[in-house]
Amino acid sequence: MIKTSDIEKMILFIEEKLQSNKGDYKKINMNNIYSQTVELAEKIKIHSDINAKPTELIKRKFPHESNEELEYRLESFQPITPSYWNKAQGTTNRVWSKQNYSITYEEQHREYFTEQFPVYGNIEVFFSSIMSTMKINDPNSVIAIKPYRKFYTEEGKVDQTKEVEPFPYLYTSEKVIDFLEKEYCIVLTEQKSTVTQNKKNVQEGLVFHICDDTYIYEVSQYGKKNDYFFEYELIYEHNLGYLPAWILKGLPIYFENSVLYHSYFMPAISLLNLATINHSTLDAVIAKHAYPIKAYYVDDCNNPDCENGFIKEYSDASPGMVTGQHMCPQCQGSGKDTRFTPLRDYQIGLKDERFQGDQAPVFPGIQFVEPGTNIFDWLYKTVIDYIERGFTFLNIDVSNSKVKGSDTALGKQIDREELQSFLLTYSSEVHGLAKNIIRCIGEMRYNKSFAIQKYSEPHEFSIKNAADLTVEYTEAEKSNLPIYAKQQILNSYVEQRFGNDVVAVKINQIIMLTDPLITFSNEDVLARKSAGLIDAWQVILHDNIYNYIINKLNEDENYLEKNELEIIKELREKAKEDESSLKIETIGSSQNLIVGVPENG
């Protein structure tokens, strides 16, 4: 826990830095790696943000270009690397494929995390779309868990008795003013406080948050905008006993007794920079040299008053005095008689003395000069080669070619194993961080006894469609794999095939828990019944469970919202009731769904 005196010292330091640097928060520099973290993020932004301009990169590469040339490059710049960068990030997002991991919450906690989570609905959307993206793009960013909104008492103080909505706020590296692992963090928020400027109140004051293992403070600017004075207040007492904030992290680099994190994509940056520079040059070369050039003879404008495309205007009061000029209507300011348009013919007079004798120009009087395309082809291939080789260092294939990986079967296997190794490392970090965030949010919202019921991290990162899973299940049957293994494959099939159908997924879940014979073939069920290993009602349940559930839903559309154990009991009782009236002659077609809890479970 930070002492009050230490907080006041921090605020005084911030005030002095802002006052001496005209409010530039990037120059506060409370730690020795801040500028490096911001610089790293800027290097990556060129390739991750489609709106970023590579100004410094081009300046360094072409120091002798004029300002006009630099301006042309930047204004006409069209980035080529972000689309490949996003494709590579898609590979890392395999760690969030629902086929490969699962999170199970206690029933009393599930709704907040999966349905009512602020902004995203489901916290896993934040993990896969925001947190993972920023871990690659800006690994020195910080996630801090804070109440989504504050409740106040009648006295205007923060009400600590209200159930909070903890939320993961992400701060880019330039907004992380200071961070000491497990101790405290200081971040610049998007909030604005009321300050005065030109004797008027404006909502433009800076607002910082300071978090430690017990409290969250809000540090707000007050007074005149350019004076940079701050006051602070306690906005939340979380009492977790640990800092509710984490650096996203990446490849650790030790720098002057501190740890600086490089992006996992950093090995590709040098080649991506070369691709960006050469692509900028390619655009300029195409604009200047790629299109056919017309070369033709021209005459001077035959308007007798035209001088270089303009006609002088003279004073009526003082003849001979030029008062101005206007564009010649005949040549439109070109000073030449020949003007090409799509609908006009250019005629050459046969009796023109310039076209007589040995000096006569060769007809026709126009030709097109087409430059070669070899340099364009070479530059384009070089750009694509830089990009593809850059990501090859990460064992990520961003090529659009149908030929993937190394040329040999062994090479392709090595590629897959190296990618698997990279994804295992990356997955361990992001899922470890996700568990910390869920635990922190749960303890902050409920109490210290909160626990995740089950968190299964991924160990396999292939993306399989329904057809792939059908083949995998067939092979599992042939290989006589354990029931649990077949259960997992079937569950993945339902998620993949019917994932958007909430009712179908829930029905599968109920069948999986109710029918212990679900992975058995018809022959296996019949054999077990004949041997007396299972009861008749179990066969009836196995053969009719889907119809039982559908009939229940027809009677009550909210049937699946009942307690699962109650549903399981009802379905099994229904099968036992039917046992007395149904005589089993054949085994009907089984439902391709999954194993469940034992009868007394």
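For clarity, every value in this text was computed on a predicted model and none was experimentally measured. All values below were derived from every heavy atom in this structure, side-chain atoms included, with hydrogens, water molecules and symmetry-related copies excluded.
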Donor-acceptor pair, side chain of [X] and main chain of [Y], under 3.5 angstrom:
X	Y	answer
T92	Q89	yes
Q221	G205	no
S428	L424	no
S66	E69	yes
K135	K249	yes

Check: What do the steps show when you test S20 against E16 for side chain to side chain contact (heavy atoms under 4.5 Å, CB included), and what is the final call?
Finding: CA-CA 6 Å; S20 60; E16 291 175 348; 5.8 Å; no
The criterion is salt bridge (charged side-chain N to carboxylate O under 4.0 Å, His left out); which residues satisfy it with [X], sequence neighbours excluded?
X	result
E65	R73
E115	R110
E561	none
K27	none

Item checked: Ring centres under 6.0 angstrom apart (Y232, F208) -> no
Note to self: Are H238 and Y215 an aromatic pair, judged by ring center distance below 6.0 Å?
What the structure shows: no
Does [X] come within less than 4.0 Å of [Y], counting only side-chain N to carboxylate O?
X	Y	result
E218	K146	no
E570	K562	yes
E165	R445	no

Next item on the list: Just grab all the ring-ring contact (aromatic ring centres under 6.0 Å, His included) pairs involving residues 6-56, residues at least two apart or on different chains.
Entry: none
Next item on the list: Tell me, with the steps shown, if K192 and E204 meet salt bridge (Lys or Arg N to Asp or Glu O under 4.0 Å).
Entry: CA-CA 5 Å; K192 297 295 180 182; E204 298 177 3; over 6 Å; no
Pairs satisfying side-chain hydrogen bond (donor to acceptor under 3.5 Å, both in side chains), at least one member in [range], at least two apart:
range	answer
residues 260-269	Y264-E429
residues 119-128	K98-E124, Y101-E124
residues 48-61	none

Which residues share a side-chain hydrogen bond (donor to acceptor under 3.5 Å, both in side chains) with [X], sequence neighbours left out:
X	value
Q203	T194
S141	D138
K175	E190

Margin query: Test side chain to side chain contact (heavy atoms under 4.5 Å, CB included) on M10 and I2; report intermediate values, then the result.
Written below: CA-CA 11 Å; M10 292 175 179; I2 306 175; 4.2 Å; yes
Report yes if the side chains of [X] and [Y] come closer than 4.5 Å at any heavy-atom pair, otherwise no.
X	Y	answer
F265	I396	yes
N447	E443	no
K26	D24	yes
V503	L553	yes

Checklist line | Results of ring-ring contact (aromatic ring centres under 6.0 Å, His included) for F117 - residues two or more places apart only | finding: Y112, F167
Notebook entry, point to check: What's the verdict on side-chain hydrogen bond (donor to acceptor under 3.5 Å, both in side chains) for Q19 and N226, showing C-alpha distance, side-chain angles and the deciding distance?
Noted result: CA-CA 8 Å; Q19 289 164 3; N226 295 328; over 6 Å; no
Next item on the list: Take H431 and Y455, measure what ring pair (Phe, Tyr, Trp, His ring centres under 6.0 Å) needs, and give me the verdict at the end.
Entry: CA-CA 9 Å; H431 281 283; Y455 197 122; 5.7 Å; yes
Checklist line | Candidate pair Y184 and D178, rule side-chain hydrogen bond (donor to acceptor under 3.5 Å, both in side chains), full reasoning | finding: CA-CA 8 Å; Y184 68 85; D178 199 11; 2.8 Å; yes
Item checked: Aromatic ring pairing Y222/F229, orientation class (parallel under 30°, perpendicular over 60°, tilted between) -> tilted
Notebook entry, point to check: Using 30° and 60° as the class limits, which term best fits the ring planes of H109 and Y446: parallel, tilted or perpendicular?
Noted result: tilted
Note to self: Quick one, Y169 with F126, criterion ring pair (Phe, Tyr, Trp, His ring centres under 6.0 Å). Give me CA distance, side-chain angles, the key distance, then yes/no.
What the structure shows: CA-CA 10 Å; Y169 287 86; F126 169 79; 9.6 Å; no
Check: In this structure, are over 12 heavy atoms from other groups packed under 6.0 Å from Y148 atom OH?
Finding: no
Check: Would you say the side-chain atoms of Q453 and E107 include a donor-acceptor pair closer than 3.5 Å?
Finding: no
Checklist line | Geometric cation-pi criterion, R439 with Y242: 6.0 Å, 45° | finding: yes
